[in-house]
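Values below: all heavy atoms of this structure, side chains included; hydrogens, waters and symmetry mates excluded. Below, chains carry the letters A, B, ... as their sequence lines are ordered, and counting in each starts from 1.
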Protein chains: 2
Amino acid sequence: MRSHYCGQVNESLIGKEVSVAGWVHRRRDHGGVIFVDLRDREGLLQIVFDPDAKDVFADAERLRGEFCIRIKGLVRARPGGTANANLASGQVELLAQELEILSRSETPPFHHDEPVNEELRLKYRYLDLRRDVMQKRIRLRHQVTRAMRDYLDSNGFIDIETPMLTKATPEGARDYLVPSRTHPGQFFALPQSPQLFKQLLMMAGYDRYYQIVRCFRDEDLRAERQPEFTQLDIETSFLSEEQIMQLMEALIRHLFKDVLGDDLPNPFPRMTYAEAMRRYASDKPDLRIPLELVDVADLVKGCDFKVFSGPAANPDGRVAALRVPEGGTKLSRKEIDDYTTFVGRYGAKGLAYVKVNEKAKGRDGLQSPILKFLSDDAINGILSRTGAQDGDLIFFGADTAKVVNDSIGALRIKVGHDLKLTKTGWHPLWVVDFPMFEWDPEAKRWAALHHPFTAPRIEDAAALRADPKNALSKGYDMVLNGSEIGGGSVRIHRTEMQSTVFDLLGISAEEAQIKFGFLLEALKFGTPPHGGIAFGLDRIVMFMAGTDSIRDVIAFPKTQTAADLMTSAPTGVSEEQLKELHIRVKLPVKVEG
Amino acid sequence: MRSHYCGQVNESLIGKEVSVAGWVHRRRDHGGVIFVDLRDREGLLQIVFDPDAKDVFADAERLRGEFCIRIKGLVRARPGGTANANLASGQVELLAQELEILSRSETPPFHHDEPVNEELRLKYRYLDLRRDVMQKRIRLRHQVTRAMRDYLDSNGFIDIETPMLTKATPEGARDYLVPSRTHPGQFFALPQSPQLFKQLLMMAGYDRYYQIVRCFRDEDLRAERQPEFTQLDIETSFLSEEQIMQLMEALIRHLFKDVLGDDLPNPFPRMTYAEAMRRYASDKPDLRIPLELVDVADLVKGCDFKVFSGPAANPDGRVAALRVPEGGTKLSRKEIDDYTTFVGRYGAKGLAYVKVNEKAKGRDGLQSPILKFLSDDAINGILSRTGAQDGDLIFFGADTAKVVNDSIGALRIKVGHDLKLTKTGWHPLWVVDFPMFEWDPEAKRWAALHHPFTAPRIEDAAALRADPKNALSKGYDMVLNGSEIGGGSVRIHRTEMQSTVFDLLGISAEEAQIKFGFLLEALKFGTPPHGGIAFGLDRIVMFMAGTDSIRDVIAFPKTQTAADLMTSAPTGVSEEQLKELHIRVKLPVKVEG
């Protein structure tokens, strides 16, 4: 039906007959002539319908936006002065000789160039996906996966598929369940990740595995989450942490170079978890923002200001200062009040600050409601440690370490954006030396910071059991511009260590046997040292596409209530189907109405 | 930990120090020296432990089969006469200088070379996957998908992911359902195929789509089915049937050439559905078997043998003859009796036959219980039409066309295999010109032979409605050595035709709106002509791997009751989980015990 894509028709074809097919992007009638911009996935081409060609012209008069048509015609140069330098086909136009209307279109609910509300975009996703920006994003996603595959294939990785109907997994989030028809009362779970299967593939000797794989988490959805998402899943054998990290950052460098032409740093900077928390109050620091926290608990430990001295004396507390250069002159009282409200959302009970007007004047050159509580030593210490200059403003966070990190960490980002301090470009880093465990005060037991299969840095199971609090893991996260884009670890490869970790996590031997018996069994048969990583594909593509929603880089995403507005899924099903699956619906009791 | 894979160590490294890591494949103690064949994914390497190196030798004495170890040593030529030409590393051995036991192994439940029962293989799949033959199959699968991607990428196809949590689909098989937590009482279905999504992508203008995608069917499992399977899913716009078929057979030719070095015919032979049924009694004829059916109903129409004359007079009946060259001499009476039992399984009530001893003698040269019922004209007609020669045997099928096709079609294959008539090599073909519909006598309505979105060859909806029985579709199946490896069609791209087909299939306008409203809506906005295909990846890899079970080319397959013997999935889940999903289990009532 077509000899060329619209975007391929250019000067080299002048005088030639070509056939094109696509959609009526725009129609203009001008001086008795009909002009149609015809669109296909490769671009636009101007079609001219001359009234002298009566039959074709008569058909062309029926054309409306989004009609799908086929045109045969003669390529000619556009008349002087009408060339369009923005189009690949902008030097030429096609004089129509034949027109076939392949299918008509009603007036679409939105035009492809218009911004539209997201609900409408999702309901008519097939129209939304026609828009140039969406076409580019979806094609970018393919370029990304292709570049990943090229790199991994040429580095000896084997693409292996793992099951989707699996056993319920322990990754923390809720599983999607699938009732079994052939095993009444039993359920499969959709995988939160292929974690155990990829470890088993290492035990099976495949040495280097990858898969671009759909994963599922039935969580309450935040903006950047989807119930089903895609990860690049990787596992290797006989490599050290260091070697895995080098290989993986080389993959990501290849990706950005190949797809965007961008150079990422070589090597990526590394930062320990402890340093990341201390300087950025985050385990995924956004290095684009040049603001940093400094700890001042030691300076205010004995002061009269309980808000500071309390947390300063508490082993789980933190008192930290955040210097905002020129914040004293640039931030209004109103803005500071707004930031106080902002940190309140993260549990902070207030937001102390000091304005530095004239440092040379000492206490008199500062401005703050809390000055009176602080000794000269404390004040001088804070000024010197933050490196404050005249015109700066210093914010303080003082509370449990968690509240300070959550609130001042978020404030750091917000102030950085508000004052336009954000650097451009890509700022990747590795965060390493994570704690093995964190204490879960509600459940009153240790929880895994990565997952229960992550190896501790310490080799001896008894030593780990003796001091779990201070144990570091062989985990590593790849962070880009403040987002975790990949997380992985070296895994436990010995039964004794795996059993010890399960035990520390409060998983009884019996429970471990039921849930992970096959893993413990497999560990008995010569398990190689192994480790890997999983990258969030949707998020990586989102970054590379320069958008801020993963829904923009997923062809058919779900809404925040995990619904598909286009097909209206999920739906009710027949009693007959449920009966075959040995389940029945039990709706929640309505409290009102 | 390693400088080389075992299989990479060869003469070029003699005199060099290398490190290798892998599994103890075999240990032999000979003349006070310990020999270990070390295995990794690239092959075997002979390690020599010399008793003079006391520490290393002492450690080596502890080695058992499947221990995972690391060795550093010196590559040297094997002593004269001990080279092994079957191994890439067979000219050399590694004199061990350092040995590290990375992890021990209990005695495995089966040895990697032994054939084992499948239940044990699936339970210890990670050990089964260590076997050389399984390593080759899993890696072959990756080579296959890579070759597919290479071809499609270089032909402008875009890899686009479609959802796994979808609306219940109409593909005929049972859906796997997934209860929604956020939409009480509602369910997602796992996709039987991405059919409608790929059509919507064509409506969205992506022009050429592919995806290697997991699909799900909750069916009672036959040997070659799995509850989850993988297909190469493809859709194109603005191409004719002919163009799609050309492109797709070029893909398959590329695949076989690239991966196996095998040349497939160019072009593939084509056969109409009618011809395939007439000559091979199958819509997926195995062209390796040179036996063919011929119709003889016209010759026996009025004869005294009711078994023949009844079906011959019935418009839904068939009387067909299958000539078996040399069958008269090669098949014993016992074997013919066994074939009678065999066709009985397909509903045939008997198996008439004629032995051709000496054709020149006419009726007297033949041998058969049914001769007396047949006229000389009928006999001569049958002999001439089948081309029978002295020593041949002719089988007859006479019943409804369905019973004849099922039974004599199966007999054709069986006799072909039994008499070793099967040709070697690859015998692909296209089957085309399928009927649009087949009558479902139980449901008393038309059923789609492909699926409800397949376009009829006829363009006019009213004409289709007037004569659905004789309508042909634009469907095409790719058949290889008697198996359907791909099936596709040009799709309906106009609302009126789609509504007409739904109507003919007994889907009311209301039901169509509920199930396919989004498709009917999408068809209104300038849908391009489009069509595609889906290839069964598991089956293609199975053929290429030369095995006869798709479980051999799936890393972690399910059993025939859809269970995972390794992880013990499916399992029971907690009441809490079910409550969150608004369902409860309702077990079938036990009739006994």
### Query
Relative to chain A, which segment of B:Y210 carries a heavy atom at a distance below 4.5 Å: side chain, backbone, both, or neither?
side chain

### Task
Report the option among B:I138, B:T107, B:L587, B:D564 that has the most heavy-atom pairs separated by less than 4.5 Å from atoms of chain A.
B:I138

### Which portion of B:L177 sits near chain A, non-hydrogen atoms under 4.5 angstrom
both

### Query
Between B:Q211 and chain A, which part of the residue has a heavy atom less than 4.5 Å away: side chain, backbone, both or neither?
side chain

#### Entry: A:L127, part contacting chain B, at a heavy-atom distance under 4.5 Å
side chain

### Option in A:I212, A:I514, A:T567, A:V585 with maximal non-hydrogen atom pairs under 4.5 Å from chain B
A:T567

### Query
Which one, B:I69, B:T182, B:L239, B:D159, leads in non-hydrogen pairs under 4.5 Å with chain A?
B:D159

### Query
Relative to chain B, which of A:M1, A:H142, A:R39, A:R125 shows the most heavy atom pairs under 4.5 Å?
A:H142

#### Entry: Basic-acidic side-chain contact under 4.0 Å: B:E219, B:R174
no

### Message
So A:C215 and A:P191, do their side chains get closer than 4.5 Å, heavy atoms only?
### Response
no

### Task
Examine the side chains of B:D207 and B:H530 and answer whether a donor and an acceptor come within less than 3.5 Å of each other.
no

### Task
May I ask you to name which of A:E580, A:Q186, A:K579 has the most heavy-atom pairs under 4.5 Å with chain B?
A:Q186

#### Entry: Presence of salt bridge, B:D538 and B:R141, under 4.0 angstrom
yes

### Query
Roughly how far apart are B:L196 CG and A:F556 CZ, rounded to 0.5 Å?
10.0 Å

### Task
Answer with side chain, backbone, both or neither: which region of B:L537 has an atom nearer than 4.5 Å to a non-hydrogen atom of chain A?
side chain

### Query
What part of B:L578 is in contact with chain A, defined as an atom under 4.5 angstrom from a non-hydrogen atom: side chain, backbone, both or neither?
side chain

### Message
Counting only non-hydrogen atoms closer than 4.5 Å, does A:R146 touch chain B with its backbone (N, CA, C, O), its side chain (CB onward), both, or neither?
### Response
side chain

### Proximity breakdown for B:T495 and chain A, heavy-atom pairs closer than 4.5 Å
neither

### Query
When rounded to the nearest 0.5 angstrom, what distance separates CD in A:Q577 from CD1 in A:I583?
10.0 Å

### Contacting moiety of B:L519, where chain A heavy atoms sit under 4.5 Å
neither

### Message
With a 4.5 angstrom heavy-atom cut-off, is it the side chain or the backbone of B:E521 that approaches chain A, or both, or neither?
### Response
both

### Query
Among A:Y176, A:F188, A:Y5, who wins on heavy-atom pairs under 4.5 Å with chain B?
A:F188

### Query
Do you know which of B:D153, B:T162, B:V178 has the most heavy-atom pairs with chain A at a distance under 4.5 angstrom?
B:D153

### Query
Who among B:L165, B:L523, B:L200 has the most heavy-atom pairs with chain A under 4.5 Å?
B:L165

## Note on the structure
Among B:M164, B:Q143, B:M566, the residue with the most heavy-atom pairs under 4.5 Å to chain A is B:M164

### Query
Between A:F238 and B:W23, is the ring centre distance below 6.0 Å?
yes

### Query
Does atom CD of B:E496 have more than 12 heavy-atom neighbours, drawn from other residues, nucleotides or ligands, at distances under 6.0 Å?
no

### Query
Based on non-hydrogen pairs under 4.5 Å, which of A:F216, A:Y124, A:Y206, A:F67 is most in contact with chain B?
A:Y206

### Toward chain A, the part of B:I160 with a non-hydrogen atom under 4.5 Å
side chain

### Query
With chain A, which of B:G185, B:A522, B:A555, B:A563 has the greatest number of heavy-atom pairs at distances under 4.5 Å?
B:A522

### Message
If the threshold is 4.0 Å, N to carboxylate O, is there a salt bridge linking A:E66 and A:R130?
### Response
yes

#### Entry: Short side-chain to backbone donor-acceptor contact, A:Q226 and A:P557, under 3.5 Å
no

### Query
By a 4.5 Å heavy-atom criterion (distance strictly below it), what part of A:T527 contacts chain B: side chain, backbone, both, or neither?
both

## Note on the structure
Bottom line for B:E42: the part with an atom under 4.5 Å from chain A's heavy atoms is neither

### Summary
Contacts of A:R181 meeting side chain to side chain donor-acceptor pair (under 3.5 Å) (sequence neighbours excluded), chain-then-number -> B:D218, B:D220

### Task
Supply the atom-to-atom distance A:R208 CZ to A:L201 CG, rounded to the nearest 0.5 angstrom.
15.0 Å

### Task
Please round to the nearest 0.5 Å and tell me the distance separating atom CZ of A:F187 and atom CG of A:L581.
9.0 Å

### Task
Among A:S568, A:S180, A:A21, single out the residue with the greatest number of heavy-atom pairs under 4.5 Å to chain B.
A:A21

## Note on the structure
Okay, B:P529 and chain A: the region with an atom under 4.5 Å from a heavy atom over there is side chain

#### Entry: Donor-acceptor pair, side chain of B:R494 and main chain of A:L102, under 3.5 angstrom
yes

### Task
Examine whether an atom of A:D40 lies under 4.5 Å from a heavy atom of chain B, and if so say whether it belongs to the side chain, the backbone or both; otherwise answer neither.
neither

#### Entry: Which atoms of B:R104 approach chain A - backbone, side chain, both or neither, heavy atom under 4.5 Å
backbone

### Query
Should B:R214 and B:L190 count as side-chain neighbours, where that means a heavy-atom distance under 4.5 Å?
no

### Task
With a 4.5 angstrom heavy-atom cut-off, could you sort out which part of B:F197 is near chain A: side chain, backbone, both or neither?
both

### Query
In terms of heavy-atom proximity below 4.5 Å to chain B, should A:R149 be classed as side chain, backbone, both, or neither?
side chain

### Task
Decide yes or no on side chain to side chain contact (heavy atoms under 4.5 Å, CB included) for B:T561 and A:H183, but give the supporting numbers first.
CA-CA 8 Å; B:T561 66; A:H183 302 270; 3.4 Å; yes

### Task
Report the distance from atom CD1 of B:I101 to atom CG of B:L63, rounding to the nearest 0.5 Å.
5.0 Å

